[in-house]
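So you know, we letter chains A, B, ... as the sequences are listed, proteins then strands, and number each from 1. Heavy atoms only: backbone and side chains are in, while hydrogens, waters and symmetry mates are out.
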Protein chains: 4
Amino acid sequence: MTSAKRPDASRRNEKSRQAILTATRELIAETGYAKVSIEAIAARAGVGKQTIYRWWSSKGAVVFDSILDLSGPVDDAVVLPDTGDLETDLKQVLRATVAEFADAAFEAPIRALTVEIATDPELAALYQRSMATPMDEAKKARLRSAQEAGQLSPDADLDLVLSLLNSPVFERWLMRGGPLDDAFADGVVEAVVRAFSPGP
Amino acid sequence: MTSAKRPDASRRNEKSRQAILTATRELIAETGYAKVSIEAIAARAGVGKQTIYRWWSSKGAVVFDSILDLSGPVDDAVVLPDTGDLETDLKQVLRATVAEFADAAFEAPIRALTVEIATDPELAALYQRSMATPMDEAKKARLRSAQEAGQLSPDADLDLVLSLLNSPVFERWLMRGGPLDDAFADGVVEAVVRAFSPGP
Amino acid sequence: MTSAKRPDASRRNEKSRQAILTATRELIAETGYAKVSIEAIAARAGVGKQTIYRWWSSKGAVVFDSILDLSGPVDDAVVLPDTGDLETDLKQVLRATVAEFADAAFEAPIRALTVEIATDPELAALYQRSMATPMDEAKKARLRSAQEAGQLSPDADLDLVLSLLNSPVFERWLMRGGPLDDAFADGVVEAVVRAFSPGP
Amino acid sequence: MTSAKRPDASRRNEKSRQAILTATRELIAETGYAKVSIEAIAARAGVGKQTIYRWWSSKGAVVFDSILDLSGPVDDAVVLPDTGDLETDLKQVLRATVAEFADAAFEAPIRALTVEIATDPELAALYQRSMATPMDEAKKARLRSAQEAGQLSPDADLDLVLSLLNSPVFERWLMRGGPLDDAFADGVVEAVVRAFSPGP
DNA sequence: GGATAAACGAGACGGTACGTCCTGTCTTCGT
DNA sequence: ACGAAGACAGGACGTACCGTCTCGTTTATCC
């Protein structure tokens with residue numbers, strides 16, 4: 001006996017759902033995250049506020065979904081490049097991340113999302129489950145392939161490797177802690193590859 | 001022609017300033033950052049709202065100062081341990097950071113501050129200038145000492161080294177991306193030391 | 001060409017109708033008139049909102065019917081006492097009215113109804129037709145009997161007499177304009193009887 | 001020690017007060033009472049909603065004040081005509097009341113006020129105190145003068161007389177219970193004068 | 001030491017947004 | 001096929017804060 005007065009998802013109006021997510025994205029891009037209000041989203045989407053409150057528990061949840069929705073069904077394979085050379089491939093991936101952060105259109109919503117995640121543990125769990133983990137798994141696959149190819153120590157802790165790869169770029173971006181360019185990305189990759197190169 | 005109606009700092013009431021900063025810290029600790037309002041701070045501090053608006057430009061700025069004020073005058077020497085063994089010393093530093101993040105009393109205000117910095121570029125600059133850089137300089141001093149001792153490659157980019165050391169712990173904490181314990185701290189330090197060990 | 005989508009009264013579910021009227025009365029009694037909503041009535045009656053909107057045009061109409069329904073089929077003879085002495089009989093009638101108004105259980109719905117009538121001319125007309133007029137006719141019958149008995153001037157305007165009898169009690173009750181007791185009722189009756197006593 | 005957080009009346013902005021009362025009157029006249037909302041009043045008056053809630057406890061209270069304010073300082077002498085002939089004077093007064101009720105511009109706000117009073121006992125008390133009683137006192141003065149002139153029984157209960165005079169017109173108007181014209185007014189006056197004429 | 005000007009506490013103000021409740025309409029689903 | 005259930009767009013509710021703006025009331029120089 002789970003229910004009580006949880007709304008009946010089967011009756012949900014898909015058109016309204018899409019309008020809300022789209023409006024949310026537009027508003028974040030146009031006016032910046034801080035000024036986005038439920039009221040504004042509802043007005044822009046041509047939707048009653050209740051329809052938002054019925055399906056989402058907080059502004060953060062709407063923002064989250066609006067970005068999740070944007071990136072489409074993430075579930076299926078995110079495949080990373082595999083040229084055979086780990087360093088090259090990782091540099092390409094990190095440079096791509098750097099480029100994404102440099103793109104103002106991407107930057108605003110992702111920053112909004114990040115702040116929301118940092119604030120709300122529940123959202124953080126959802127993020128880890130539905131966005132971070134799939135992405136990380138794709139990267140681990142590439143790392144394992146590198147281990148097999150003898151380009152990476154076979155007993156490297158892949159979670160640690162990923163942390164060392166991702167977080168420096170993330171932190172510089174979020175905290176504006178210094179120049180965020182290809183050179184920095186390359187430096188990170190080179191250091192990590194050096195740290196986990198297979199023993200002699 | 002500088003002035004116009006910029007308040008006269010010499011007339012500032014120090015008692016009010018302290019009351020505001022203290023009240024801010026208390027409120028963050030008690031009710032969580034999201035629920036802290038200028039109005040609540042003023043009420044708790046027994047201060048008129050205008051007194052806050054007169055001296056700070058935003059809620060973020062008050063939060064920032066309240067935490068800066070807590071850690072006391074940072075400017076003077078933050079000196080890191082130097083046992084002679086770089087790896088040991090870095091592990092000690094990173095483990096201390098991990099411990100700080102685990103302490104709920106520290107966690108809430110720091111998270112509040114971080115969110116504020118991530119949101120407001122101006123605050124980010126202030127943070128870099130008055131908190132991050134001094135801290136980083138202290139760490140760089142230790143790293144240079146290690147270079148001289150032949151424990152670290154003499155041409156290692158120290159900013160990059162710091163990034164690789166700090167950011168993994170920071171990101172895991174902020175995004176709740178996995179267990180944040182001494183083992184993780186040690187793993188990061190070992191990898192970084194390996195990556196930047198002096199060539200043979 | 002009458003219909004279009006006017007509901008087919010023959011198909012009406014009597015059980016729902018009764019449930020709605022009962023729920024309405026209960027809610028007025030329990031929570032006071034102001035807090036009664038169509039939604040609450042529907043929920044309490046275990047009925048869809050549409051079923052209410054299908055058969056009544058406004059909240060006022062439901063309230064009206066719920067009270068009309070309570071007093072049962074009014075249409076048939078409301079007969080007033082006739083002891084032969086007009087003054088005695090009128091005092092009894094007015095004292096009964098006073099008692100009704102004093103009864104909290106009766107007071108709330110009647111007040112609700114009165115407000116609704118005062119607000120909505122359509123409802124006022126309905127009220128006059130289906131409630132006031134039958135009641136007044138019964139009273140006029142008693143007055144005519146008094147005229148024949150020589151206790152009331154034969155050319156008294158009976159509508160005027162009724163107005164003078166009813167409205168003082170009604171107004172005191174509605175506007176809480178003073179004590180509403182048997183003494184007041186008696187005073188009204190005595191004055192009216194005096195005013196319209198047959199000439200010498 | 002009465003206070004707690006009751007607003008400080010001395011700081012009250014008179015301009016806002018007037019704007020609110022005027023806007024309220026305008027809205028009642030234009031759109032009818034039912035459609036008047038606090039939100040609409042605030043918008044029309046160019047005032048924050050809080051400013052209304054700060055000084056009035058309900059919509060009814062605003063409506064009440066807006067009408068009280070209209071009729072100006074009631075306190076000072078409401079003096080009724082005194083030609084020496086009671087019947088003539090009373091007819092003039094009642095005919096004036098009838099005319100007022102017939103004037104659509106007066107009708108709407110007064111009906112609104114009446115409904116509000118009928119609904120809210122607190123408002124009813126305020127009404128009795130600040131509007132009804134002063135008016136009644138003026139009328140009683142005229143009645144007493146008539147008693148001295150030998151046109152009214154010296155032991156007539158003046159409250160009863162007033163009730164019988166006022167309420168028939170009031171009720172007919174409120175409940176739309178029949179034609180409300182000078183003839184009716186005259187009939188009421190004649191009956192009342194007859195009922196309370198001095199004994200032989 | 002008395003004038004004067006600023007910062008101060010208090011809090012009213014015009015506003016925006018909140019999250020809830022209800023309206024009246026429209027849709028879905030089970031009986 | 002009806003009717004309960006309830007989602008929907010919309011609008012008002014009453015509350016919380018925003019940042020600005022007076023108010024009087026301390027301070028705290030400067031004459």
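- Here the straight-line distance linking atom CG of B:Leu174 with atom CG of A:Leu174 works out to 6.5 Å at 0.5 Å rounding.
- With sequence neighbours excluded, the residues that form a side chain to side chain contact (heavy atoms under 4.5 Å, CB included) with D:Thr119 are C:Val115, D:Val115.
- Position along DNA chain F of the nearest nucleotide to C:Val47 versus A:Val47 favours C:Val47 as the more 5'-ward residue.
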Checklist entry - Can you give one letter per nucleotide of nucleotides 25-31 of chain F, 5' to 3': B if a protein heavy atom sits under 4.0 Å from the base, S if only from the sugar-phosphate, - if neither? => result ---S---
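- For the atom pair CD1 (D:Ile20) and OG (D:Ser66), the distance works out to 11.0 Å, reported to the nearest 0.5 Å.
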Pairs of donor and acceptor atoms involving the side chains of residues 41-50 of chain B, under 3.5 Å and at least two apart or interchain, shall be tabulated with distances.
unit_1  : atom_1 : unit_2  : atom_2 : d
B:Arg44 : NH1    : B:Glu26 : OE1    : 2.7
B:Arg44 : NH1    : B:Glu30 : OE2    : 3.3
B:Arg44 : NH2    : B:Glu30 : OE1    : 2.6
B:Arg44 : NH2    : B:Glu30 : OE2    : 3.4
B:Lys49 : NZ     : B:Glu39 : OE1    : 2.8

Item to check | Candidate pair D:Thr114 and C:Met175, rule side chain to side chain contact (heavy atoms under 4.5 Å, CB included), full reasoning | outcome: CA-CA 8 Å; D:Thr114 304; C:Met175 308 293 276; 4.0 Å; yes
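- Contact annotation: B:Ser16 does not reach the phosphate of E:dA7 (side-chain N/O to OP1 or OP2, under 4.0 Å).
- Atom CG of D:Asp8 is separated from atom C1' of E:dG9 by 13 Å (rounded to the nearest Å).
- Between B:Arg54 atom CZ and F:dT20 atom P there is a gap of 12 Å when expressed in whole angstrom units.
- Between E:dG14 and D:Thr51, a contact under 4.0 Å exists linking OP1 or OP2 to a side-chain N or O.
- Checking the phosphate oxygens (OP1, OP2) of F:dG14, no side-chain nitrogen or oxygen of D:Trp56 falls inside 4.0 Å.
- Note that the CG atom of D:Leu123 and the CG atom of D:Leu113 stand 7.0 Å from one another [nearest 0.5 Å].
- The nearest whole Å value for the distance from the CD1 atom in C:Ile20 to the P atom in F:dG3 is 11 Å.
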Check: residues 55-62 of chain A side-chain donor-acceptor pairs under 3.5 Å, at least two apart:
unit_1  : atom_1 : unit_2  : atom_2 : d
A:Trp56 : NE1    : A:Asp65 : OD2    : 2.9
A:Ser58 : OG     : A:Gly60 : N      : 3.4
A:Ser58 : OG     : A:Ala61 : N      : 3.1
A:Lys59 : NZ     : A:Val36 : O      : 2.9

Item to check | Contact letters for nucleotides 16-25 of chain E, in which S counts primed atoms plus P, OP1 and OP2 and B counts the base, heavy atoms under 4.0 Å | outcome: -BBBBBBBBB
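- The distance from atom CD of D:Glu14 to atom P of E:dC13 is 11 Å, rounded to the nearest whole Å.
- Heavy atoms from other residues, nucleotides or ligands lying under 6.0 Å from CD of D:Glu122 number 12 at most.
- A search for salt bridge (Lys or Arg N to Asp or Glu O under 4.0 Å) contacts involving B:Arg17 returns B:Glu14, B:Asp69, not counting sequence neighbours.
- Atom pair B:Lys15:NZ and E:dC8:P shows a separation of 12 Å (rounding to whole Å applied).
- Across the protein-nucleic acid pair, D:Trp55 atom CH2 and E:dC13 atom C1' stand 11 Å apart, rounded to whole Å.
- The phosphate of E:dA7 (OP1 or OP2) has no side-chain N or O of B:Arg12 nearer than 4.0 angstrom.
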